[in-house]
Amino acid sequence: MATVGFLYPGYSAEDDYPRLEKSLGGDIRLPLVHTDIGEDAHRVDALVEMGSAARLAAGVGELRRRGAEAVVWACTSASFVFGWEGAGAQVRELAATAGTPASSTSFAFARAARAIGAERVAVAATYPRDVADRFTAFLKAAGIEVVQARASGVITAAEVGTWGEAEVLGLARAGDHPRARAVLLPDTALHTAAHLPALEAAVGKPVLTANQVTVWEGLRLLDRAVTRPGLGRLFAAETERPAA
């Protein structure tokens, strides 16, 4: 049994995690603890507070009681908003608090893109432009070329959580670019677990989504390679898992 714990901000698309757990089989557990988000806003100051050490630390004990062998901060914006170095410090502090390996969704995107050989990507973001630009900068710091970044201007995770398949597919199509080797959808508030095959069919290339890569990253921390149909190119048999 492998157990990866997730710290998830608020309530939006947390039901992606039990769906993914079911898809991965009976020997993987993905317990989730909700963190206090403070103000629900895709705004830099609010995101910095959302990703503060104190807010993350509050949920760690419960994850450890539920058997977590690794912990992932399941939030993209409130990790990349700190920049590459700051996001690294955030993860190191989380690991020290949890006493386990730790990571975040932002690093999950960078490693997942490398794992599928996507050195050039398009970003289809729900965020306002200034926040989307910070994700682009984070990816560039990871050595990934962003050939296009679309910002949808949505302010709250609550609104993103109401989007259905049509909106998610529309986001991916609008954000795609001919030169991109993959399309990235960076918001854990966005329901995507049920739409992964449809997303990749819609753009004709790999699609990496926030909750998908977050789970993949947690399994990577445990050196647990899992291949499953229906979970996108990232979980295909030939995917190579990068070193930390």
Side-chain angles (χ1 to χ4, degrees), residues 1-8 12-32 68-76 101 103-118 121-126 144 160-161 163-173 175-176 180-242:
M1 179 71 71
T3 303
V4 181
F6 300 93
L7 296 169
Y8 186 91
S12 295
E14 67 275 10
D15 48 329
D16 267 7
Y17 290 81
R19 179 184 290 273
L20 288 165
E21 180 181 277
K22 184 176 180 181
S23 297
L24 290 169
D27 62 342
I28 293 172
R29 294 178 60 247
L30 307 177
L32 179 148
E69 303 163 84
V71 174
V72 185
W73 170 222
C75 185
T76 329
S103 190
S104 68
T105 305
S106 293
F107 287 112
F109 268 112
R111 292 182 179 123
R114 290 199 297 269
I116 63 171
V121 304
V123 171
T126 56
I144 297 168
V160 173
W163 287 18
E165 183 177 20
E167 291 87 352
V168 174
L169 294 179
L171 176 66
R173 290 190 185 102
D176 191 17
R181 298 285 300 276
V183 180
L184 277 53
L185 275 58
D187 194 338
T188 58
L190 191 67
H191 287 93
T192 59
H195 312 314
L196 293 168
L199 280 165
E200 296 196 337
V203 298
K205 64 185 66 171
V207 175
L208 300 177
T209 74
N211 292 324
Q212 172 209 37
V213 302
T214 300
V215 170
W216 178 88
E217 174 73 348
L219 295 171
R220 187 197 66 82
L221 290 175
L222 298 182
D223 197 26
R224 184 70 179 263
V226 178
T227 60
R228 289 291 186 277
L231 296 184
R233 173 69 177 83
L234 184 60
F235 281 88
E238 63 269 29
T239 296
E240 296 182 3
R241 302 171 72 81

- Item | Verdict with reasoning, Leu32 to Glu21, per side-chain contact (heavy atoms from CB on, under 4.5 Å) | CA-CA 11 Å; Leu32 179 148; Glu21 180 181 277; over 6 Å; no
Between [X] (side chain only) and [Y] (backbone N and O only), is there a donor and an acceptor less than 3.5 Å apart?
{"X": "Glu14", "Y": "Ser12", "answer": "yes"}
{"X": "Gln212", "Y": "Leu231", "answer": "yes"}
{"X": "Glu200", "Y": "Gly232", "answer": "no"}
{"X": "Thr214", "Y": "Ala74", "answer": "no"}
{"X": "His191", "Y": "Asp16", "answer": "no"}

Work out which heavy atom in [X] is nearest to a heavy atom in [Y]; give both atom names and the distance.
{"X": "Ala189", "Y": "Asp187", "answer": "N-OD1, 2.9 Å"}
{"X": "Ile28", "Y": "Met1", "answer": "N-SD, 3.9 Å"}
{"X": "Gly175", "Y": "Ala124", "answer": "CA-CB, 3.9 Å"}
{"X": "Thr188", "Y": "Ala13", "answer": "O-CB, 3.5 Å"}
{"X": "Cys75", "Y": "Thr105", "answer": "N-OG1, 3.1 Å"}
{"X": "Gly218", "Y": "Ala70", "answer": "O-CB, 4.4 Å"}

Gap separating the [atom1] atom of [X] from the [atom2] atom of [Y], nearest 0.5 angstrom:
{"X": "Ile116", "Y": "Leu208", "atom1": "CD1", "atom2": "CG", "value": "4.0 Å"}
{"X": "Thr209", "Y": "His195", "atom1": "OG1", "atom2": "NE2", "value": "10.0 Å"}
{"X": "Leu171", "Y": "Glu167", "atom1": "CG", "atom2": "CD", "value": "10.0 Å"}
{"X": "Thr227", "Y": "Leu234", "atom1": "OG1", "atom2": "CG", "value": "11.5 Å"}
{"X": "Arg111", "Y": "Ser103", "atom1": "CZ", "atom2": "OG", "value": "4.5 Å"}
{"X": "Leu196", "Y": "Arg228", "atom1": "CG", "atom2": "CZ", "value": "14.5 Å"}

- Check the pair Trp163 / Thr126 against side-chain contact (heavy atoms from CB on, under 4.5 Å), numbers first and verdict last. CA-CA 10 Å; Trp163 287 18; Thr126 56; 4.1 Å; yes
- Task: Mind running side-chain contact (heavy atoms from CB on, under 4.5 Å) on Val4 and Leu221 for me, showing each step along the way?
- Result: CA-CA 9 Å; Val4 181; Leu221 290 175; 5.9 Å; no
- Task: Indicate yes or no: at least one non-hydrogen side-chain atom of Leu219 is less than 4.5 angstrom from one of Leu24.
- Result: yes
- How are the rings of Phe6 and Tyr17 set relative to one another: parallel (under 30°), tilted (30 to 60°) or perpendicular (over 60°)? tilted
- Task: Show your working on side-chain contact (heavy atoms from CB on, under 4.5 Å) between Lys205 and Arg181 and close with a plain yes or no.
- Result: CA-CA 7 Å; Lys205 64 185 66 171; Arg181 298 285 300 276; over 6 Å; no
